[in-house]
Structure formats: C-alpha cells, structure tokens
Amino acid sequence: MKKFMDENFLLQTRTAQDLYHNHAAKMPIIDFHCHLVPQMIAENHQFRSITELWLGGDHYKWRALRTNGVDEHYITGDASDWEKFEKWAETVPYTMRNPLYHWTHLELKTAFGIDKILSPKTAREIYDECNEKLKQPEFSAQGLMKHYNVETVCTTDDPIDDLRYHEQIAAHPFGVKVLPAWRPDLAMSPEKTERFPGYVEAMEKAAGQAIHNFNDYIDAIAKRHKFFEEHGCRLADHGLEEFYAVDYTDAEIENIFEKARAGKSITQEEMTKFKMAMLYVFGIMDYESDWAQQYHYGVIRDNNSAMFKKIGPDTGFDSIGEFNTAKALSHFLDNLNSKGKLTRTILYNLNPADNEMIATMIGNFQDGSCPGKIQYGAGWWFLDQKDGMTKQMNALSLLGLLSRFVGMLTDSRSFVSYPRHEYFRRTLCNLLGNDVENGELPASELDFIGQMVENISYYNAKNYFKF
C-alpha cells in the first residue's frame, strides 16, 4: 500500500516519476489566468489567519460546506475565523474522492510543510501552526508567490480599472511579474439593467471623454484597451454562457445601446446581437494589439436567486450549462479569420461533452503563423481536477498536438492555489509515462518527451504570450 500523497503522488510508473521530478517540478509557474486581488499583491498583504487565506472567497470549499450541512453563518457569515476553520476541518473527511481532498492536503504540505491529515482531531494544531507561520514575512502575499516559484501572473481586470495597484507593483518589483488581463464582461452586458447605465458613466470617466452614442462607447473602450496595453497587458479574457451567430445592423446595435444606457429592459434577441457585436469589436482590438484572447464558456451563473440576493455573485451557486455552440463558435472565429483579424485564441469549455468539438474546432483555424495559434484550454472550473484534466489532454492528444499545449492556470483567488500546477504536471507526466511504459511511445525518445513536459509546463506559455 502506497503512502498517501508521497513524493510520487499520482505518478504510477518509473518513467512518470522521472518526467515529473527531473523535468516538470523544476519549471517556474506562469499563471496566465487568475483572480488574485492586485491590491493584496501591491500591499504585500499579511494574512491574519489560515481562514482568511484559505476559506475567504473560495466557493469550491463553500459548496462542499453547504453540502455537508454547514450553516451559512460558518461559511460567508460572521462566525469567527476559528469557527469557520473548524467547520472546514469537520467537512474535509467527507470530501474524499473530491479534488478538494487532494488540494487541501497538497496546499498544507507545500505551503506550510504540514503532512498531517486535516480532521476534527487535528484541526486545532493545524490551525495554530498555520497561523503562527503566517506571521512570518515569507508567508505574505508576495512571499507565497516567490515560494511557489511563480514567474508571471495575469490578474483579471475590468476595462474601467485604473490599474493603480499594477503601477505600484511595477514601481516596487519583487521578483514576480504581475500583469493585468482585460476582462470586459460588464462592458457587453446590456441585460444587466441595474448596472449598465452606471458602467457607461464609469467608462466616460475612465476614458476621459463623453459618450453620446455607441461609436463613442467603442472609442472610449479602445482608449482603455490602449491604457491596458501600456501597463503590460498581453491577453484578454471573456466569461460567456455561449457563443452567438445572429445577423445585426449598426442601427440595431445603436438602438440597443441607447435602450440599455437608459436602463430599459432589452429582449433576448437584442442581448444576443449586442454581445456578438461587442465580441467582434474586442476580437479586432486584441488582434491589432497582438494580444492573445481567452474565452471561458458554458456556465450557468447565479442559479440560486435567493442566495444571489443575499450574498451576491461568485459565491458557489454556478453550474455546468448545456449550450449548442459549435456552429456559433465556428461562425464567430470564421468571421474574424476571414477578415484577417483572428489573433491567438484559447477556448475553454465547462461542459465535458464539448471536449472533442473544441479539440477539432481549433484545428480549423491554425494558420502556421505560430505553433498552436488556436488553443484548447486546460480543464476549467469544475473540470480542473484529475479526471477533467486527463479527458481534456486525451481529446487534445487524439485530435490535435498536445506538445504545443500552453498548459495549466489556477483560475483562483487564493495565494496557495499554485499546487494546482503541480497537480496538473503530475497528471501530465503520468499520462506520458504510462504511454512509454506500455510501449505506446518510444523509450528511445525520452529526451524529447522530457522537453515536451517542460514546454507544456512552462515554455509554451512563455512563448505564446510573449512574456
């Protein structure tokens, strides 16, 4: 019987172990999509407790706590840090076979050097040990990033953000490059009638110009796009339910914009047309700035309306959606490509039923301008676990080129989520190692396979994003 989470965790063969320990483990981390708070990085935030660091904002854990029968008071309520941690410790044993069980213990081990199993019996000693270590400077926000050998991080930033904290970080470098990433979801959400009018006003202020019509709105957004570029931004990101394929006219988009700006309700058809128009505009901007663009699609957000009203979005009430997107996605990419405006693009699906569709769709728009110009992104959100990662890499391997894959990202709000890169790298090495041991890949090519592991872990992303 193997020891739980030893040095060869997830590595089933000698070849897998060699690939991980001698190739993957040493590579720096490029985390090109995350939700870290730039202010916390700029101010080198020192965490008051493991609860703040670990449970604050982590909707993965919140979902598990609720499922285990824990009252909201101990999740997002005003219970003490110890009470919240204690409830998490009580829940952890029930997460066995959920990736949270692995992530929890991998994070304890890699961040704090703690090998104990978290349970009600060990909760107090682990809580106290973590909190004592968190008082040390090396356990600050910047310290944890350096501890995990992070080279580059891209945060997720709205176009109206003044990027003051990115400026502060750039003025006081600490060894990790922190760049903004363009996330214009609200800019293309006219259906949010309670927010869109105020957003347009905020865009006026951020761009320093009046917005009288839709063309002015696009001009203002273009100014912000340039501002982000000047602050080191190299990639855009979009969170979508689905892709769209509808015809529209400039006059229709102008009318929809005016209605939304006035706070009037718009129809589903109008929303679809506006979003499609905005995605096209953004795609052209990204191409002309030589950015990469990412599309995360397939989520149904805020399913629990009562809890949304009570505690807001991104609190653990989202799920995988079912959308028939293949033709719409093809139409969108082809529209940009036919006009010579399709930049480097990464597609992430949330529904695993779309794996093979995405893996084949990316092949339609490769053009030889760079390796893997159109990418099938790593297992995302509900799929960023061993099974989801394996299925994504298998689909990409069978229908594309795994060797050109840009690899993993955390998509996290936590400064101790970097072991997700380790989890991914171990899974990758296990896949390739098993193929070699089974005679499906040649042992004579281990040097190339080792370099392939290093490329997927690090070099492909570095070259792709031009960091």
Side-chain angles (χ1 to χ4, degrees), residues 34-95 98-101 103-105 107-108 111-112 114 116-136 139-141 143-144 155-156 158 161 165 186 192 194-195 198 299 301-319 381-382 410-417:
C34 74
H35 296 274
L36 294 179
V37 179
Q39 182 178 357
M40 296 178 79
I41 303 173
E43 297 175 353
N44 196 19
H45 184 77
Q46 202 82 36
F47 299 91
R48 69 174 183 271
S49 72
I50 181 63
T51 303
E52 181 194 7
L53 172 64
W54 226 18
L55 298 176
D58 192 337
H59 52 78
Y60 289 82
K61 293 187 179 76
W62 294 353
R63 285 170 70 96
L65 284 159
R66 293 180 188 121
T67 304
N68 201 42
V70 175
D71 187 84
E72 198 68 28
H73 171 71
Y74 300 100
I75 303 172
T76 60
D78 57 3
S80 69
D81 281 4
W82 161 245
E83 289 173 316
K84 289 181 177 180
F85 184 85
E86 184 178 32
K87 291 299 183 183
W88 175 239
E90 292 172 2
T91 297
V92 165
Y94 294 94
T95 67
N98 184 293
L100 283 167
Y101 196 78
W103 292 345
T104 293
H105 293 101
E107 289 167 11
L108 284 175
F112 298 98
I114 295 174
K116 302 180 184 76
I117 302 298
L118 181 58
S119 71
K121 293 180 180 179
T122 59
R124 189 79 228 188
E125 60 181 303
I126 289 176
Y127 181 78
D128 290 342
E129 183 175 349
C130 289
N131 288 347
E132 196 61 34
K133 289 182 176 179
L134 284 170
K135 296 176 183 178
Q136 302 171 20
F139 285 87
S140 65
L144 286 166
T155 59
T156 304
D158 191 281
D161 193 296
Y165 296 110
L186 282 175
K192 297 184 177 180
E194 76 287 356
R195 300 186 67 182
V299 61
R301 296 182 184 273
D302 307 319
N303 292 270
N304 189 325
S305 58
M307 291 303 292
F308 176 77
K309 291 176 183 177
K310 185 177 180 180
I311 59 176
D314 303 320
T315 50
F317 300 98
D318 307 320
S319 60
W381 200 337
F382 296 110
T410 64
D411 188 31
S412 175
R413 293 164 176 77
S414 172
F415 287 86
V416 289
S417 284

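FYI, side chains are in, hydrogens and waters are out, and symmetry mates aren't considered; it's all heavy atoms of this structure.
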Supply the atom-to-atom distance [X] [atom1] to [Y] [atom2], rounded to the nearest 0.5 angstrom.
X: L134; Y: F47; atom1: CG; atom2: CZ; result: 8.0 Å
X: F112; Y: E132; atom1: CZ; atom2: CD; result: 12.0 Å
X: F139; Y: F415; atom1: CZ; atom2: CZ; result: 15.0 Å
X: D81; Y: L53; atom1: CG; atom2: CG; result: 11.0 Å

- Task: Enumerate the residue pairs fulfilling side chain to side chain donor-acceptor pair (under 3.5 Å) with a member in residues 64-77, sequence neighbours excluded, ordered by first and then second residue.
- Result: R66-E72, N68-T91, E72-T76, H73-D78

- Does the side chain to side chain contact (heavy atoms under 4.5 Å, CB included) test come out yes or no for F308 and F317, once each step is laid out? CA-CA 8 Å; F308 176 77; F317 300 98; over 6 Å; no

- Query: For K87, what residues pass the salt bridge (charged side-chain N to carboxylate O under 4.0 Å, His left out) criterion, not counting sequence neighbours?
  - Reply: E90

- Task: Please report the C-alpha distance between W88 and V70 in whole Å, then the side-chain angles of each, then the deciding distance to 0.1 Å, and finally whether the side chain to side chain contact (heavy atoms under 4.5 Å, CB included) criterion is met.
- Result: CA-CA 9 Å; W88 175 239; V70 175; over 6 Å; no

- Task: List in chain and number order the residues that pass side-chain hydrogen bond (donor to acceptor under 3.5 Å, both in side chains) with T51, two or more places apart in sequence or in another chain; answer none if no residue qualifies.
- Result: none

- Identify the heavy atoms of V416 and W54 that sit nearest to each other, and give their distance. CG2-CD1, 3.7 Å

- Tightest non-hydrogen contact, residues L118 and I126, listed as CD1-CD1, 3.9 Å

- Message: As a test of understanding, state which of H45, Q39, Q46 forms a side chain to side chain donor-acceptor pair (under 3.5 Å) with E43.
- Response: Q39

- Message: Taking the side chain as everything from C-beta on, heavy atoms only, tell me whether I41 gets closer than 4.5 Å to Y165.
- Response: no

- Just do the side chain to side chain contact (heavy atoms under 4.5 Å, CB included) check on L108 and C130 with the steps written out, would you? CA-CA 9 Å; L108 284 175; C130 289; 3.9 Å; yes

- Query: Distance-only, no hydrogens or angles: does the R63 side chain make a donor-acceptor pair with backbone N or O of D318 under 3.5 Å?
  - Reply: yes

- Task: Just do the side chain to side chain contact (heavy atoms under 4.5 Å, CB included) check on Y94 and Y101 with the steps written out, would you?
- Result: CA-CA 9 Å; Y94 294 94; Y101 196 78; over 6 Å; no

- Query: Got more than 12 heavy atoms from elsewhere within 6.0 Å of CZ, R301?
  - Reply: yes

- Parallel, tilted or perpendicular: rings of W103 and Y60 (30°, 60°): perpendicular

